[in-house]
There are 2 protein chains.
Amino acid sequence: MDTAELTELGQQLRVDSVRASAAAGSGHPTSSMSAADLMAVLLAHHLRYDFDRPAHPGNDRFVLSKGHASPLLYSAYKAAGAVDDEELLTFRKLGSRLEGHPTPQRLPWVETATGSLGQGLPVGVGISLAGKRLDRADYRVWVLCGDSELAEGSVWEAAEHAGHEHLDNLTAIVDVNRLGQRGPTRHGHDLDAYARRFQAFGWHTVEIDGHDVDAIDRAYGEAISTKGQPTAILARTLKGKGVESVQDREGLHGKPLPHADEAIEELGGPRDLRVQVHAPAETRMLHSVPTGHLDLPRWEKGEEAATRDAYGQALAALGTARGDVVALDGEVSDSTRAEAFAKEHPDRFFECYIAEQQLVAAAVGLATRGWVPYASTFAAFLTRAYDFVRMASISGAGINLVGSHAGVSIGQDGPSQMGLEDLAMFRAVHGSTVLYPCDPNQTARLVTAMAGLDGVRYLRTSRGAGPVIYGPDEEFPVGGSKVLRSSDRDRMTIVAAGVTVHEALRAADALAGEGIAVRVVDLYSVKPVDRATLRSAAEETGLLLSVEDHHEQGGLGDAVLDAFLDGRPMPRLVRLAVRTMPGSASPAEQLHAAGIDAESIAASARLLVEQAIAP
Amino acid sequence: MDTAELTELGQQLRVDSVRASAAAGSGHPTSSMSAADLMAVLLAHHLRYDFDRPAHPGNDRFVLSKGHASPLLYSAYKAAGAVDDEELLTFRKLGSRLEGHPTPQRLPWVETATGSLGQGLPVGVGISLAGKRLDRADYRVWVLCGDSELAEGSVWEAAEHAGHEHLDNLTAIVDVNRLGQRGPTRHGHDLDAYARRFQAFGWHTVEIDGHDVDAIDRAYGEAISTKGQPTAILARTLKGKGVESVQDREGLHGKPLPHADEAIEELGGPRDLRVQVHAPAETRMLHSVPTGHLDLPRWEKGEEAATRDAYGQALAALGTARGDVVALDGEVSDSTRAEAFAKEHPDRFFECYIAEQQLVAAAVGLATRGWVPYASTFAAFLTRAYDFVRMASISGAGINLVGSHAGVSIGQDGPSQMGLEDLAMFRAVHGSTVLYPCDPNQTARLVTAMAGLDGVRYLRTSRGAGPVIYGPDEEFPVGGSKVLRSSDRDRMTIVAAGVTVHEALRAADALAGEGIAVRVVDLYSVKPVDRATLRSAAEETGLLLSVEDHHEQGGLGDAVLDAFLDGRPMPRLVRLAVRTMPGSASPAEQLHAAGIDAESIAASARLLVEQAIAP
């Protein structure tokens, strides 16, 4: 296309953005209009993409980090012939694929869900890493960012990661329209301010007038030809560009244009330009995935091992068996034991340093390209990435997250290092799976099972070594549990998981010596929960006693009740959980202080029996 | 102190760090040794602090962002005469104030809990803002950072905030010891790499040898005399400095020195230097807080209003009545309605732009200085700051967080903007309070009540307008609830909060017309929960039906069960919650699709009555 045609295409994208938002009665046309020329030139001249084959391994990848500019994205889809005008006008309506913010669950051309700002670039870094280090395909990753979202620290985690990894297949296009939602940004149209920041993180930068299609064209060419560095294109634009009454004005974020018909006329009226998007180069298979025999590590009863150790060893074995398994860690792989994988499969290990948002975002990006990522850090520090986990679930991303050092049982390091909210956090994520093993063989099996699940999978591991209680050939289906002590005289059921399983067993044995029979259930699958076993336990023993190394809200106790949510009579349930703020102390002292060790469990059980609350 | 004395003091801090860690059998001596000279010079020459009066308004504020270097901090306390040697050796033991990572709950000289990296500087920015804009005292804020933690995006949110606000009372001292936990950092000893980054964000930088006490002294002087910019001092140091066998070596993070006695000897043996820390300047009161009459906004029954509108107006009124109330927002004050406060009290409003970690951290920092912060953004985006919320609870910080646009009822914007995990997230925080009003008068009262509570307080507001159902003089104690429909023929109790209260009332009225009496409880206090009312409702009506605009885990349904945690028979409970991934649709369509609107509630109630599950 020549200059005039590109300009016309930009105007068409504006008109369609205005039309779609007007039809919806909501949306972000002004944020779309500022970036319309940037999108037009990308679509017509530089993007290599087969809309009929979104899974094509050679396709470039486009991420709309400023996801609220969805009208622009959908207008571009229309210009590319991927959606028709009728569908365009279903924008934001019930049942439409064209949501307020784009999601890959509904649209095959969307790489990742956006709408929480500052996430597109971090995920784009993950995709770029896949391209460089795994797929070794020459696709490019284009991320369209807003200027407001550059205030998010996650953007600078991504900038650091991309700069350090020399991701020259990555281009950030920043639509510097100077206006955020409620008013001007910190830096207005000061492109240099942004350029200095990106340059400091090792990026090549280009500053342009974002409404000069030739300048845009040259900038994209410069990005493509820049080697060894990612490129940030800083484009000076006007919000609402092209319509005098809204252009560059405050107070018009996220609203349809006041007079859409007049605006469309001012923009030159509707057009129906079609863009023949460049095809991707024919390329080899997405990635060849060698598969082999799964030779999981084995532990024998009588040994001791920490579940974090089992995680590292099992993941390394899984990586040998499955070429599509990759691992990431947040600079604590010696603690999470992801180092075992890193040692055996250095080409598939990604060090993300202390940047948990980027850790999860990179996993999401790798997952978009078909890789099966396991990302690990301390359970406590995954709270840093909760918004990314939430958005991953909206994306439908298949990622495995592994949190080590769960609970007070880590000991002396104190509360800042203790994961005590992680079960609550992950249980509340839509479609998530939450697993919490107590034994190394169990851990190894669950690590393997995770790879085959959908959505966000979370595994909680523990710091300290515990006894091996399961044989290496035992199976642990997700959604299952294990009944470890049982008789027909059980007066209650202790439901435990992870470290508290061992405490529960010690308590049960002590109680048995006193003539008090109790059942013990290892609820390693915290979500989904084993309804049948819990219901039987409640019916047969009359009382459940849950014991968890987690705050009392949202963790194991609440998970137990997931088995009784259909209006049936609920069981009696007593909970032991971490109710006070821990300090520093040894692991055993911590468990005792929190009232979740064997002695506390036994004492609670005795009390309940004496009070005749237990049958 | 002269050069030799400062050097000796640095050695003493090293020796005491080694001794404390050896006594504990754990801890981070090598991370303490790298920063010992930096700490020695600060303590002896530049810090102005009265250890006997930690609340002194003129005290400088020191934040150990690399909280794992706690042995260094406690050794400095000893040198300053604040703790004795005996206490120093209780480090990390059960009951000791000297925890693995410092917390203000146990030590009066600690400003904020650290140990989750990348949080000290963001909180330090909040303290500096208090100094500049509120206290108008000339105290300085010194933050000792590690180099590894500069990978956290939150550090760059803080850098951006401080640069933009010209916080020349803030100094970041970066201990560039080149080694993280598991190995080298990205930038090793490349001080320029860090300097470029800080400079790009508007900071003055100084690069020094972090073991040259005279250079350190000059750098601190330069920081103090630099006007209009915060200063970052980038200090090249060696981890484990001073002990050949550990100095600058990998694999020694977070471990006591292998041969402590030899190391102490190599460091010149124990010393008992005492530092006379400079006293703070005598200053006026911390801040004079004008108080006045609280004139809350009032709504009459029959009107409609959104709880987010009530939040903004109530907060503005509270700000008029209480001079210590301040507000912060993440660039969405037009949506959260914090703009009402900003308009009336611009001197006490802090725009934090789209940087939710910094938003919460600044609130924590302001709270350390006695201010009562209210920080708002979309409920969904508070997930971005979960680690900061978690650490705020460890600090015991009194902060108010307000999440707007909760739930599917926001409508067309889609799932990325919907807070659907926020109740779970905040309920799991130790010592938190969670409030969820449905009515503007209720909102206004709760906004006021929050100010007087301890710990982390969360208020959930809604986007759309709803009917006023309470009079403006009604009271809403925290921990209470309101019974809105009740009779002695009630066959179940619908427990609702926020938007679902209105749906529940409509359902109850429809059911009443069919001869099915149901009770309706407005559970506006989600944590703590009104046990008495819920227990009575369960006893008297036999069945509870919870209805929430939140995922089913960790929200209102689980909160209801908090009333039955002592082993007493649990109620029958059926939950209606958001179980599918929403798309775009109108608010009414969303509520219907999620099965939490009046029709869905009534249908569920009928079904339960027909099945004779309801009595």
Side-chain angles (χ1 to χ4, degrees), chain A residues 26 92 94 99-101 113 115-117 148-149 151-154 156-157 164 180-182 186 196-197 200 331-334 353-355 357 383-384 386-387 390 394 412-417 421 424 427-428 430 551 553-554 558 565 567 569-570 572-575 581 583-585 589 608 613, chain B residues 26 92 94 99-101 113 115-117 148-149 151-154 156-157 164 180-182 186 196-197 200 331-334 353-355 357 383-384 386-387 390 394 412-417 421 424 427-428 430 551 553-554 558 565 567 569-570 572-575 581 583-585 589 608 613:
Chain A
S26 68
R92 285 175 164 250
L94 179 67
E99 293 190 74
H101 298 77
S116 179
L117 291 169
S148 278
E149 67 177 318
E152 286 284 11
S154 57
W156 303 103
E157 293 183 11
H164 188 252
Q181 169 176 322
R182 86 26 301 146
R186 279 192 178 110
R196 276 195 302 275
R197 286 161 173 75
E331 216 274 329
V332 288
S333 57
D334 53 335
Y353 297 89
I354 307 180
Q357 297 186 88
T383 56
R384 199 67 158 254
Y386 196 24
D387 198 26
R390 184 180 75 85
I394 296 174
Q412 287 84 352
D413 272 340
S416 64
Q417 318 293 302
E421 303 84 2
R427 282 182 64 250
H430 179 72
H551 287 155
Q553 297 86 7
D558 283 347
L565 289 187
M570 298 272 275
R572 287 169 193 256
L573 172 70
V574 177
R575 302 177 187 213
M581 180 60 71
S584 285
E589 288 167 340
L608 293 166
I613 291 174
Chain B
S26 68
R92 285 176 164 250
L94 179 68
E99 293 191 74
H101 298 77
S116 179
L117 290 169
S148 277
E149 67 176 317
E152 287 284 10
S154 57
W156 303 104
E157 292 182 13
H164 188 251
Q181 170 175 322
R182 97 354 328 141
R186 279 194 178 108
R196 277 194 302 276
R197 287 160 173 75
E331 217 273 329
V332 288
S333 57
D334 53 335
Y353 296 90
I354 307 180
Q357 297 185 91
T383 57
R384 199 69 157 253
Y386 196 22
D387 197 26
R390 184 180 75 84
I394 296 174
Q412 287 85 353
D413 272 339
S416 65
Q417 317 295 301
E421 303 85 3
R427 281 183 64 249
H430 179 72
H551 287 155
Q553 296 86 7
D558 284 346
L565 289 186
M570 298 271 276
R572 288 170 192 254
L573 172 69
V574 177
R575 301 176 187 212
M581 180 58 71
S584 284
E589 289 167 340
L608 293 166
I613 292 174

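Just so it is clear: chains get the letters A, B, ... in the order the sequence lines come, proteins before strands, and each one is counted from 1. No experiment lies behind these values; they were computed from the predicted model shown.
Each of Gly100(B), Ala355(B), Ala428(B), Gly414(B) has some count of heavy-atom pairs under 4.5 Å with chain A, and the biggest count is that of Ala428(B). Counting heavy-atom pairs closer than 4.5 Å to chain A, the top-ranked of the candidates Asp334(B), Leu117(B), Val332(B) is Asp334(B). Note: Arg92(B) leads His551(B), Gln412(B), Arg92(B) in heavy-atom pairs under 4.5 Å with chain A. For the options Glu421(B), Arg572(B), Met570(B), Gln181(B), heavy-atom pairs under 4.5 Å to chain A are most numerous at Gln181(B). Among Arg427(A), Arg384(A), Glu99(A), Glu149(A), the residue with the largest count of heavy-atom pairs under 4.5 Å with chain B is Arg384(A). For the options Ser116(B), Ser333(B), Gly554(B), Ala113(B), heavy-atom pairs under 4.5 Å to chain A are most numerous at Ser116(B). With chain A as partner, the option from Arg575(B), Gln417(B), Arg390(B) having the largest number of non-hydrogen pairs under 4.5 angstrom is Arg390(B). With chain B as the partner, the residue from Glu152(A), Met581(A), Gln553(A) showing the most heavy-atom pairs under 4.5 Å is Glu152(A).
For His430(A), the parts sitting under 4.5 Å from any heavy atom of chain B are the backbone and the side chain alike. For Glu331(B), the parts sitting under 4.5 Å from any heavy atom of chain A are the backbone and the side chain alike. Of the atoms belonging to Ile394(A), heavy atoms from both backbone and side chain fall under 4.5 Å from chain B. Looking at Glu589(A), only its side chain comes within 4.5 Å of chain B, counting heavy atoms on both sides. Within the 4.5 angstrom heavy-atom criterion, only side-chain atoms of Ser26(A), from C-beta onward, approach chain B. For Gln357(B), the part sitting under 4.5 Å from any heavy atom of chain A is the side chain, from C-beta outward, and nothing else.
Residues satisfying the side chain to side chain contact (heavy atoms under 4.5 Å, CB included) test with Arg196(A), not counting sequence neighbours, are Asp190(A), Asp192(A), Ala193(A), Ala200(B).
Separating the CZ atom in Arg186(B) from the OG atom in Ser148(B) is a distance of 10.5 Å, to the nearest 0.5 Å. Going from atom CH2 of Trp156(A) over to atom CH2 of Trp156(B) covers 10.0 Å, rounded to the nearest 0.5 Å. Separation of atoms CG (Leu94(A)) and OG (Ser584(B)) is listed at 9.5 Å; rounding is to 0.5 Å. Atom-to-atom distance recorded for Glu157(A):CD and Glu157(B):CD is 8.5 Å, nearest 0.5 angstrom.
The aromatic rings of Tyr353(A) and His164(A) sit perpendicular to each other, their planes meeting at more than 60°, with 30° as the lower class boundary.
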